[in-house]
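Here the structure comes first, spelled out in structure tokens, and everything after it is commentary.
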Amino acid sequence: MQGQCGMFSGMPELPEVETVARDLASALPGRCITAVWLGKTDFLADPAALQTQLPGCRIAAVRRYGKFLLLDLLPDNGTGRPGTLLVHLGMTGQLVVQPAAAVLPPHTHVVLTLDDGRQLRYTDVRRFGRIVLVSAGELDVSLAGLGPDPLEIGQAEFCARLGRRRARIKALLLDQRTLRGLGNIYADESLWRARIHPAEPAAQLGPARLKRLCRAVRQILREAIRWRGSSIANYRDATGAPGAYQRRHRVYGREGKPCVRCRTKIRCLVVAGRSSYYCPRCQRAPKSALRPVRRPRQIAH
DNA sequence: CTTACGGCCTGGGTGC
DNA sequence: TGCACCCAGGCCGTAA
């Protein structure tokens, strides 16, 4: 099972989406959408709705919710309905503001022309992203089920949500129902900082290590936001520029390289179906964590 | 109910 | 030069 990790690419997670949201929040509010152009539409829930309902809408605000970008829209001339454009960048999605005259990059599938001569463009090689227009009343339903934002909760709630779970800690960090916004990169970086093995059951951590993990998650996310996210392959901010946090990764994508704390070679193993990079010395695994979970057999009588 | 896992979507990069 | 395969994250179905 070990060393079986293949290519790593890295997707937009909380820090990347936060960076894009901040960029868009300084560029879009007040702008009106004047035209919509669509390329491939198989990743759109309702292409016709975008085509008919977006023109005439004014962008009121841009927010991040977990890994989602939320563009709040207000009708500008009576033809549009108040709502929110929900954008998930998937693995390779990019949302960039460009002058309308700029060359359209390949794999651009949604172009919203704005009333200032610029365009908001969605480019996505894999089309694993999603764009959905929801009415004001539907927004809560669309976002229901996502856990709290790790930057908005304290240690108490963090421990309460994780402390009694038997699943592996890495699986829980990746589960958007537990916490919203973490992905593979920042889960691994957080576990390394907190010196916790990715395959350890959460319930086994205890309060002290859970608090350490909570603190690590917050520190890692804040640091990554400060460096404008990680660009490994596709991620770009809303101006088209890459982030810089990939240069500060301590474990992610560093298999075989020395741990910056203890010089032990970083290893990779599959946990929760994802490549998980960790230091085998700093992040010791209890033997129980590496064996497949078994249940007591039913005794026939 | 909780957890684990396999499959599906797509296509660039990799390795043969 | 070609080409089969791997893998990413979210989601869903299934099994224990």
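Residue numbering restarts at 1 for every chain, and letters A, B, ... go by the order of the sequence lines.
Checking B/dG11, C/dG9, B/dA4 against every side-chain atom of A/Arg127, the shortest atom distance belongs to B/dG11. Between C/dG9, C/dA8, C/dG10, one nucleotide has an atom nearer to the side chain of A/Gln176 than all others, and that is C/dG10.
Between A/Arg166 atom CZ and C/dA16 atom P there is a gap of 19 Å when expressed in whole angstrom units. Counting to the nearest Å, the P atom of C/dG10 and the CZ atom of A/Phe43 are 17 Å from each other. Atom OH in A/Tyr252 sits roughly 10 Å away from atom C1' in C/dC7 (whole-Å rounding). If you measure from atom CZ of A/Arg165 to atom C1' of B/dT3, you get 9 Å, rounded to the nearest angstrom. Computed from coordinates, the A/Leu14 CG to C/dG10 P distance equals 12 Å when rounded to whole Å. Atom-to-atom, CG of A/Asn234 to C1' of B/dG11 comes out at 11 Å; the value is rounded to the nearest Å. One interatomic measurement links the two molecules: CD of A/Gln94 to C1' of B/dG12, which rounds to 14 Å at whole-angstrom precision. In this entry the distance linking CZ of A/Arg177 with C1' of B/dT3 reads 10 Å, nearest Å.
We find that the ring of A/Phe128 and the base of C/dG10 do not stack by the test of centres under 5.5 angstrom and planes tilted less than 30°.
Both tests pass for A/Arg180 against the ring of A/Tyr65: distance under 6.0 Å to the centre and angle within 45° of the axis. Cation-pi geometry between A/Arg254 and A/Trp192 is not met: the NZ or CZ atom fails to fall both under 6.0 Å from the ring centre and inside 45° of the normal.
Under 4.0 angstrom from either OP1 or OP2 of C/dG9 there lies at least one side-chain N or O belonging to A/Arg274. Contact between the side-chain N/O atoms of A/Lys67 and the OP1/OP2 oxygens of C/dG10 is found at a separation under 4.0 Å. Between A/Lys40 and B/dC9 there is no side-chain N or O to OP1 or OP2 distance below 4.0 Å. Phosphate proximity of B/dT10 to A/His107: absent, as no side-chain N or O sits under 4.0 Å from OP1 or OP2. Between A/Ser275 and C/dC7 there is no side-chain polar atom (N or O) within less than 4.0 angstrom of OP1 or OP2.
Between A/Leu179 and A/Pro148 there is a side-chain heavy-atom pair separated by less than 4.5 Å. Here the side chains of A/Val20 and A/Arg236 are not in contact, with every heavy-atom distance at 4.5 Å or above.
Interface remark: the A/Arg130 side chain does not form any donor-acceptor pair with the C/dG10 base, using a distance-only criterion of under 3.5 Å.
Salt bridge status for A/Arg274 with A/Asp188: absent, with no side-chain N to carboxylate O gap under 4.0 Å.
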